[in-house]
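Below is one structure, written out as structure tokens, with a few remarks after it.
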Protein chains: 2
Amino acid sequence: MPSESAAARVARDLRERLSAGLVEPGTALSQTGVAEEYGVSRIPVRDALQQLAAEGLVELRGATAVVTPLSIEDLQELYELREAVEPLATRLAVPRVGRAALTRMRHLLATMEDDATAPRAWLEANTAFHAEVYALAGRPRMVALVEQLRRLTDRYLYVHLDVIGDVEHLQAEHRAILAAVEAGDAQAAAELTRVHLASSHSVVLDHLLAQEARGRGEQAGG
Amino acid sequence: MPSESAAARVARDLRERLSAGLVEPGTALSQTGVAEEYGVSRIPVRDALQQLAAEGLVELRGATAVVTPLSIEDLQELYELREAVEPLATRLAVPRVGRAALTRMRHLLATMEDDATAPRAWLEANTAFHAEVYALAGRPRMVALVEQLRRLTDRYLYVHLDVIGDVEHLQAEHRAILAAVEAGDAQAAAELTRVHLASSHSVVLDHLLAQEARGRGEQAGG
DNA sequence: CATGTCTTGAATGTATACAGCACCTTCTGA
DNA sequence: TCAGAAGGTGCTGTATACATTCAAGACATG
């Protein structure tokens, strides 16, 4: 057995590809096809797909696994859940945030504010910035849930990669969150996190709606 | 293929047994052993265990799956999550609650208040009572999460089955929730749900602590 | 030309088979 | 008697093989 099982390898790679939106939502992932693609048998693929299904990245429609479709309702629900859980995780974590985490957060903030940072790197820094706080909540299930929800929303973000990093008020919110965390004000940090999530939701939703309207326009015009 | 796959059957049965606390937490569930027990091969068992691991009922410690241990910290975290999500689901669902659901809820309330109801039946009615509301939230992911969290907390409840149904203020809270739902007051219903969860948490925690103290006493005395 | 049926193919669910690893037992030597 | 090594036993991960089911397409028929 290699250092990592084939199932884990397939799951990790597929998870990355799916949350980065590299596979069209609605695509059927046949066990046979995935197995051939990764050069393994169907058993580890079954394991991987099962896990991804549990994480919500694929749906088991009857027998076959299909990449979970994107929808405005789903996006809404995901952000509702995040707005419920992430402020809570923030509130629990703030009293435990130490010097080292704050240093790393400042670094990540600087990376995000650097115009030279590519959109994809911006998104990764953004994820890491928030994860720094959550990791200190000492709530393993909560952290796992937050990561899972973030991966699911990432699929919506990657569609609009070009614009997300440019939204100035998101950056301002990051600075405000960091300030509250530094001040040890858990309640404020939690509320700022909630507002920040609402902002993100609104940014993505706006672009999604605009895109949809554009799509309809083209359809009607062409 | 039978009407239901072997993997689904094993998963459903194991899930039931685990959330009912019929298997000692910490027990290792070997694929081979479970396979023999259900008279199937290891492949469907792998699928089932994988799914249960994703639901948090078992932990994959290295290679083997062990029944997730119970702990006061875990109970705390589970209730923190439930208190974050269930009031939200309630708030979203209340405007959609119709006549039929209210009737069923009244029935379930009567069942719970009937002294002839056995503890286990009480717990099932309790679950169904709350599920009536959540199901109408129109949030599939949220509902799945709530069910998952409830199953995980059930493991703690079943340990103290004999006392849960006797706590009068839990019954009173149910009546209050039903009243708020009937009145269409989403905000009140949500807040009452949060309080109700805090009550449940406290009831279970008290008994868990008492049991632990008793255990220590016996250990010290014997 | 539309429609129903049959056939063929592919994909899944599952069983069996094999290889590697870990832990435990046991035996040997000091 | 105790420490250490050798063997065995049981587990997992994975590949291969087979039965079953579902779907699509071809063909006959009204």
Side-chain angles (χ1 to χ4, degrees), chain A residues 1-18 22-70 140 144 148, chain B residues 1-18 22-70 140 144 148:
Chain A
M1 182 170 37
S3 57
E4 193 183 22
S5 79
R9 193 157 15 98
V10 171
R12 197 161 43 77
D13 193 79
L14 264 182
R15 177 162 36 234
E16 193 138 336
R17 284 170 60 191
L18 292 183
L22 299 178
V23 181
E24 186 71 14
T27 308
L29 296 176
S30 83
Q31 298 174 7
T32 314
V34 176
E36 280 176 9
E37 186 175 349
Y38 286 92
V40 296
S41 83
R42 280 169 44 217
I43 278 77
V45 172
R46 287 178 68 83
D47 287 2
L49 288 178
Q50 183 95 33
Q51 197 171 338
L52 295 177
E55 296 172 17
L57 283 167
V58 308
E59 281 176 2
L60 294 177
R61 281 225 263 268
T64 64
V66 307
V67 181
T68 307
L70 302 182
Q148 185 178 324
Chain B
M1 181 173 36
S3 56
E4 191 182 24
S5 81
R9 195 160 11 99
V10 171
R12 197 161 42 77
D13 193 78
L14 264 183
R15 176 162 39 234
E16 193 137 337
R17 284 169 60 192
L18 293 183
L22 299 179
V23 182
E24 185 72 13
T27 307
L29 296 176
S30 81
Q31 298 174 7
T32 314
V34 176
E36 281 177 7
E37 187 176 349
Y38 286 92
V40 297
S41 82
R42 279 168 46 215
I43 278 76
V45 173
R46 286 178 70 83
D47 288 2
L49 288 178
Q50 183 96 32
Q51 197 172 338
L52 295 177
E55 295 172 17
L57 284 169
V58 308
E59 282 176 2
L60 294 177
R61 281 225 263 269
T64 64
V66 307
V67 181
T68 306
L70 303 181
Q148 185 179 323

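These numbers come from a predicted model, not from an experiment.
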request  = For residues B:G33 and B:S30, report the shortest heavy-atom separation together with the two atoms involved.
outcome  = N-OG, 2.8 Å
Working for side-chain contact (heavy atoms from CB on, under 4.5 Å), residues B:L18 and B:T68 = CA-CA 9 Å; B:L18 293 183; B:T68 306; over 6 Å; no
request  = Using the test side chain to side chain contact (heavy atoms under 4.5 Å, CB included), find all partners of B:Q51 that sit at least two apart in sequence or belong to another chain.
outcome  = A:Q50, B:A11, B:R15, B:E55
message = What I'd like to find out is whether the side chain of A:L14 reaches to under 4.5 Å of the side chain of A:V45, using heavy atoms alone.
response = no
Taking distance alone, no hydrogens or angles, what donor-acceptor pairs closer than 3.5 Å link side-chain atoms of residues 58-67 of chain B to residues at least two apart or in another chain?
residue	atom	partner	partner atom	Å
B:E59	OE1	B:R61	NH1	3.0

DNA chain D contacts made by residues 29-43 of chain B, counting heavy atoms under 4.0 Å = B:S30, B:Q31, B:T32, B:R42
message = Among residues 54-69 of chain B, which ones have heavy-atom contacts with DNA chain D below 4.0 Å?
response = B:A63
message = Tell me the closest heavy-atom pair linking B:D13 and B:Y38, and the distance in Å.
response = OD2-OH, 2.5 Å
message = Please enumerate all residues that pass salt bridge (Lys or Arg N to Asp or Glu O under 4.0 Å) together with A:E37, with sequence neighbours excluded.
response = A:R17
query = Just how far, in rounded Å, is P of D:dG13 from CD of A:Q51?
reply = 12 Å
query = Taking only residues two or more places apart in sequence or in another chain, which ones pass side chain to side chain contact (heavy atoms under 4.5 Å, CB included) with B:A54?
reply = A:A54
message = What is the separation between atom CG on B:D47 and atom C1' on C:dT12, rounded to the nearest whole Å?
response = 11 Å
